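Since we're looking at a predicted model, the values are computed, not measured.
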Amino acid sequence: MKILEADFVLTCNDLFDIIENGAVVFDETIIEVGKSEDLKAKYPDVTHIIAPKNSVILPGLINPHVHLEFSANQSMLTYGDFIAWLQSVIKHRETLGELATTELIAAKLEAMLKSGTTTLGAISSFGYDLEACEKTPQRVVFFSEILGSIPSAADAMYGDFLSRYHQSLDYKSPSFIPAISVHAPYSTHPILAKKAIELAKKEACVLSTHFMESEAERAWLDNGNGDFMTFFNAFNPHAKPMCEAGEYLVLFQGVKTLFTHGVQATHEELQTISNMDATLTHCPVSNRLLGIGKLDLDKVQENKIPLTLGTDGLSSNVSLSLWDEMRSALMMHANCDLESLSQTLLQAVTCNAAHALNLPCGKLEKGLYADMIVATLPQEVEIKEQLATQLILHTHQTHFNFINGEIV
Ligand code: MCF
Ligand code: FE
């Protein structure tokens, strides 16, 4: 048993309690959280770990949406417009896949850990990231992805998906959790989506899907026109959208689902999501680079949808650090109150993301996994009510990272 002490404990619990001169007592799980003085008196014989001055203990960060297989991209892909980006992905995915070796992905995972990401949701399109994810010290929810719009190729696509999913099952453990991703309504035939969702129900695993990301997706699903029409017509002049957005959403009813992006979702669709066991993952940097526009955070909050924050892959970002992502979000949503947005963002990458991925962590609370990080501020914080903002502004790397109560 150990006790970790710091100037502040940011619990990320439902009340967003912040404890000054606080401590956490833990083994693999959290035993108690409280004032340092009280806990030291109650647990006199445990190993002491004291964080540097001006430090904050908080739950390990959780990035629920990252495409590690695209980690080799730096300046290869085209930005500014979704369809132009998609075309560049199709052109370069083979090269990028070859460059994304297990070593490269492991290095990205290590950098993520150094910035305090102790859990991630990896969207795996090909399975090239399986080995690095299964070996990494972080907790990984490994989403095998299915897509395919050509009916004659549906069986082959499903077979390929199933074999990748089955391979991931070989490594199932509390720190490697197989799951399923249905790519998007414009790319996945509803028959394939239904089969994959049925499997997720049977296996009791979480689902992830991209939903209502671009204006092109909106126009295609609503009216069968726009930039996706030009895109699909190049393969098939008779191409039509495979289902409506609302029909797509209801396929996910009854399974815990992470919807990603949602920038173009209507009020009605957000209401539907809100009535499901679902969350929305915001990827602000990716949205900016792909010319998507900006998610209306007020609408998400009005609809009471739990918000999470993801980096997406290096295919549409320059960093996989959630601190970088939170800083970007803080600057992008300039209409929001500064400290309350900072708190929303910290909840997005801790308790809300744990809820989304169905994991017992993300808060500093008795009984949860002792996945915790220590961030050290450069100076004393004058106004305690601005702790969340100061943390987001100043944290790059963390001082300690604990997973299952062990320093990693
Ligand atoms: O989230 C971003 C943008 N939206 C859709 N897909 C992806 C994103 N980053 C990577 N992708 C992948 C996706 O998983 O790109 C491929 C899929 O494998 C596009 S479909 C050929
Ligand atoms: Fe994505």
Side-chain angles (χ1 to χ4, degrees), residues 10-16 58-66 116-117 119-121 123 141 143 181 206-213 249 252 255-288 290 292-312 316-317 320-359 361-363 388-389 391-392:
L10 200 113
T11 59
C12 296
N13 66 11
D14 298 342
L15 299 171
F16 206 75
L58 67 156
L61 306 188
I62 304 172
N63 187 348
H65 188 98
V66 54
T117 299
T119 296
L120 57 131
I123 313 293
V141 177
F143 290 98
S181 161
V206 290
L207 277 166
S208 178
T209 187
H210 297 91
F211 179 72
M212 275 305 149
E213 182 177 6
L249 276 185
F252 294 82
V255 204
K256 202 180 237 306
T257 304
L258 295 95
F259 290 97
T260 298
H261 304 307
V263 178
Q264 304 296 336
T266 61
H267 180 69
E268 204 186 340
E269 287 156 6
L270 291 177
Q271 269 184 323
T272 306
I273 292 176
S274 150
N275 291 325
M276 294 166 66
D277 185 6
T279 53
L280 188 75
T281 303
H282 180 26
C283 303
V285 174
S286 171
N287 293 161
R288 174 69 185 102
L290 305 193
I292 299 306
K294 204 171 77 180
L295 179 69
D296 187 340
L297 286 182
D298 289 339
K299 274 210 255 170
V300 177
Q301 279 172 334
E302 271 165 37
N303 281 291
K304 299 193 166 55
I305 302 171
L307 181 81
T308 72
L309 188 79
T311 58
D312 231 343
S316 54
N317 207 325
L320 299 180
S321 157
L322 284 170
W323 296 106
D324 286 340
E325 199 68 29
M326 284 190 277
R327 273 189 287 279
S328 295
L330 206 59
M331 301 304 159
M332 237 185 260
H333 297 282
N335 56 324
C336 300
D337 172 74
L338 189 65
E339 179 63 19
S340 62
L341 177 57
S342 297
Q343 294 189 10
T344 299
L345 293 169
L346 282 172
Q347 284 166 329
V349 298
T350 56
C351 51
N352 286 6
H355 163 74
L357 295 173
N358 212 16
L359 298 173
C361 55
K363 297 179 194 179
T389 303
L391 265 180
I392 293 176

Are [X] and [Y] packed together at the side-chain level, in the sense that at least one heavy-atom pair is separated by less than 4.5 angstrom?
X      : Y      : answer
Asn63  : Val349 : no
Lys363 : Asp14  : yes
Leu330 : Ser342 : yes
Pro284 : Lys294 : no
Met212 : Thr266 : no
Ser286 : His261 : yes
Leu346 : Met326 : yes
Leu280 : Phe211 : no

Can you see which heavy atom on [X] is nearest to which on [Y], and at what distance?
X      : Y      : answer
Phe143 : Leu258 : CZ-CD1, 3.8 Å
Pro59  : Thr11  : CG-O, 3.8 Å
Ala265 : Leu270 : CB-CD2, 3.9 Å
Ile62  : Cys361 : CD1-SG, 4.1 Å
Gly362 : Cys12  : O-CB, 3.9 Å

Partners meeting side chain to side chain donor-acceptor pair (under 3.5 Å) with [X] (sequence neighbours left out):
X      : result
Thr209 : Tyr248
Gln264 : none
Glu325 : Asn317

Quick one: list whatever passes salt bridge (charged side-chain N to carboxylate O under 4.0 Å, His left out) with [X], sequence neighbours left out.
X      : result
Asp298 : none
Arg327 : Asp324
Asp337 : none

*asked:* Before you tell me yes or no, could you show the steps for Ser208 and Val141 under side-chain contact (heavy atoms from CB on, under 4.5 Å), namely the whole-Å CA-CA distance, both residues' side-chain angles and the distance that decides it to 0.1 Å?
replied: CA-CA 11 Å; Ser208 178; Val141 177; over 6 Å; no
*Begin with the C-alpha distance, continue with both residues' side-chain angles, and end with the deciding distance and a verdict on side-chain contact (heavy atoms from CB on, under 4.5 Å) for Leu297 and Leu341.*
CA-CA 10 Å; Leu297 286 182; Leu341 177 57; 3.7 Å; yes
*Quick one: do Leu10 and Thr350 satisfy side-chain contact (heavy atoms from CB on, under 4.5 Å)? Show the steps, please.*
CA-CA 11 Å; Leu10 200 113; Thr350 56; over 6 Å; no
Once rounded to the nearest 0.5 Å, what's the spacing between atom [atom1] of [X] and atom [atom2] of [Y]?
X      : Y      : atom1 : atom2 : value
His282 : Asp312 : NE2   : CG    : 11.5 Å
Ser328 : Leu309 : OG    : CG    : 9.0 Å
Phe16  : Ser340 : CZ    : OG    : 10.5 Å
Leu120 : Leu61  : CG    : CG    : 11.5 Å
Asn303 : His267 : CG    : NE2   : 5.0 Å
Leu345 : His333 : CG    : NE2   : 7.5 Å

_Side-chain H-bond candidate by donor/acceptor type, Glu339 with Gln343, under 3.5 Å_ =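 Their side chains do contain a donor-acceptor pair, which is all the 3.5 Å distance test asks for.
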*With a 3.5 Å cut-off and no angle check, do the side chains of His65 and Thr260 form a donor-acceptor pair?*
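Judged by distance alone, the side chains do pair up.
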_For a side-chain contact (heavy atoms from CB on, under 4.5 Å) check, start with the C-alpha distance between Asn352 and Thr279, then their side-chain angles and the critical distance, and finish with the verdict._
CA-CA 8 Å; Asn352 286 6; Thr279 53; over 6 Å; no
*Using the ring of each side chain (for Trp, its six-membered ring), is Phe252 parallel, tilted or perpendicular to Phe259, with breaks at 30° and 60°?*
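Phe252 vs Phe259 ring planes: perpendicular.
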